[in-house]
Amino acid sequence: MNARAPDTATRFFGIAEPLRFEGPKFRPSARRPFGYRWYEPDRLVLGKRMEDQLRFAVCWWHSFVWTGTDAFGGDTFERRWHKAGGDPMAQARDQAEVAFELFQLLHAPFFTFHDRDIAPEGASLRESNLNLRRIGELIARRMDETGVKLLWGTANLFSHRRYMAGAATNPDPEVFAYAAAQVKNVLELTHELGGANYVLWGGREGYETLLNTDLKRELAQLGRFMQLVVEHKHKIGFKGAILIEPKPAEPTKHQYDFDVASVHGFLRAHGLEHEIKVNIEQNHALLAGHSFEHEIALAHALGIFGSIDMNRGDELLGWDTDQFPNSLPQVALALYEILKGGGLASGGLNFDAKLRRQSIDPDDLIAAHAGAMDLCASALLVAEKMIGDGELARQLAARYQGWDGAEGRAILKGRRSLADLAARVERRAIEPQPVSGRQERLENLLNTYL
Ligand code: XLS
Ligand code: NI
Ligand code: NI
């Protein structure tokens, strides 16, 4: 464990020993309440250590900042650094110490943050930046001591009232400039902390009604904003990927970064398709009317896959419930698509997930993350079997084999006109024979890997 700052003497969590891999037979007991049944960081899976395949990250906002509020009720967690009237900088330092305590207990290799998660907003941007830098220094020290790394940083461009009408898409260019200044500072901090990526989630880049919105202007503003971020990334030599996180709605009714397909169209319209990738969140995919694996497969097909916000929505609730993942087949299908596309590269699995507001014990944070990490590890082993066995891939290849033949290739290479094709069909007079899609057999096959 790391050396702890002298002003935070009391340990926050109920356990002191980091979780270990205990094996599939592990059952929690009073003596050892937490352990991994599947997450074995050094185990080789498809040629890589499990830890490097999964690249788990703990997010700062849901785990440490969120107080348990919902639309009808206030704080439920009452963490010691949430207390009203405390010194906000001392509280931010305490929060950071607890964060690193959790990362180490879990053996989580990465974390993610918004600027406003780690340090309080000051009276001016200058003061906010200074606060951010001070806490940034503490975080840098803890990263050095513990080896925990930064998966991505991001700027909160949605909580403050100045952003109520959007950040880059605000009708006021002064707000655009403020957002740019904030992103510059967080991008630079992310770079200095060795972050693997930088994320842009367009929290309020959208609108409620066209009666007060010039949609065409707002899209142009957003495009210019993204170009500025990319220009600055190159100027400072940041090697990580810039990622946009699609979400169809919430908080605004129409978000411009609706889903992977619309983000790709937007990137192409602004010449950014080779500069920016996507951070795909399970719950956001669902809200957009897609499956998680659809969004992943599409991002790979379009060459813009970046990273994952790993969580889960609710079948019955139509909003971003951000629950910890808990379904083996769902995560296995997602990981199968990730691996088929070449793996996570600079991305990771960021738990953009929060406790239910009644889960008020500090150790519920351990339970939630450890369970989710174990589930993902188990799902990775399923995906390994799916790939290793190869039957799914064989059946898929067989289904499309016509396209590998001479005629299929000629069509795709542009060597056939519409008239050529019509003449060929008339000449041969052969009726194409429908072939079963075999979905049920494939679903049965999937179940054999679970
Ligand atoms: C909100 C988003 C947000 C991003 C980071 O729905 O998921 O948490 O991940 O700004
Ligand atoms: Ni997210
Ligand atoms: Ni979300």
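Counting starts at 1 for both ligands and their atoms, following the listed order.
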Determine, for Lys340 against Glu293, whether the closest basic-nitrogen to carboxylate-oxygen distance falls under 4.0 angstrom. no

Sub-6.0 Å ring centroid separation between Phe111 and Phe100: yes

Pull out every atom of ligand 1 sitting under 4.0 Å from any heavy atom of Lys247, numbered as shown with elements. 1 (C), 6 (O)

Does Trp61 reach ligand 1 with a nitrogen or oxygen that is under 3.5 Å from one of the ligand's nitrogen or oxygen atoms? yes

Students often mix this up, so state it plainly: with edges at 30° and 60°, are the rings of Trp66 and Phe77 parallel, tilted or perpendicular? perpendicular

Ligand 1 to Trp152 polar contact by distance, N or O atoms, under 3.5 Å: no

shortest atom 10 (O) of ligand 1-to-protein heavy-atom contact is with His114 NE2, 2.7 Å

Polar-atom distance check: Asp309 versus ligand 1, any N or O pair below 3.5 Å? yes

Ligand 1 to Asp352 polar contact by distance, N or O atoms, under 3.5 Å: yes

Ring centres under 6.0 Å, that's the criterion: do Phe56 and Phe351 meet it? yes

Is His284 in contact with ligand 1, taking contact as a heavy-atom separation below 4.0 Å? yes

Tell me, which protein residue and heavy-atom name are nearest atom 9 (O) of ligand 1, and how many Å apart are they? Glu245 OE1, 2.7 Å

In Asp320, the N, O or S atom nearest to the Ni ion (ligand 3) is which? OD2

The Ni ion (ligand 2) - name of the N/O/S atom of Glu245 that sits closest to it: OE2

So, is Asp352 placed with an N/O/S atom under 2.8 Å from the Ni ion (ligand 3), counting both backbone and side chain? no

Positive for side chain to side chain contact (heavy atoms under 4.5 Å, CB included) with Tyr198, one of Leu189, Asn279, Val183, Ile276: Val183

For the Ni ion (ligand 2), which N, O or S atom of Asp309 is at the shortest distance? OD2

Hey, mind stepping through Asn131 and Ser128 against side chain to side chain donor-acceptor pair (under 3.5 Å) and telling me if it holds? CA-CA 5 Å; Asn131 290 348; Ser128 301; 5.6 Å; no

Do the ring planes of Trp61 and His114 sit parallel (below 30°), tilted (30 to 60°) or perpendicular (above 60°)? perpendicular

Between Lys247 and Glu281, does any side-chain N to carboxylate O distance fall below 4.0 Å? no

Which atom of Glu281 approaches the Ni ion (ligand 2) most closely (N/O/S): OE1

Please state which part of Glu250 comes within less than 4.0 Å of ligand 1, counting heavy atoms only: side chain, backbone, both or neither. neither

Whether Asp320 lies under 4.0 Å from ligand 1, heavy atom: yes

Would you call Glu137-Arg134 a salt bridge at under 4.0 Å N-O? no

What I want to find out is whether Arg224 reaches Glu231 closely enough, with some N-O distance under 4.0 Å, to be called a salt bridge. yes

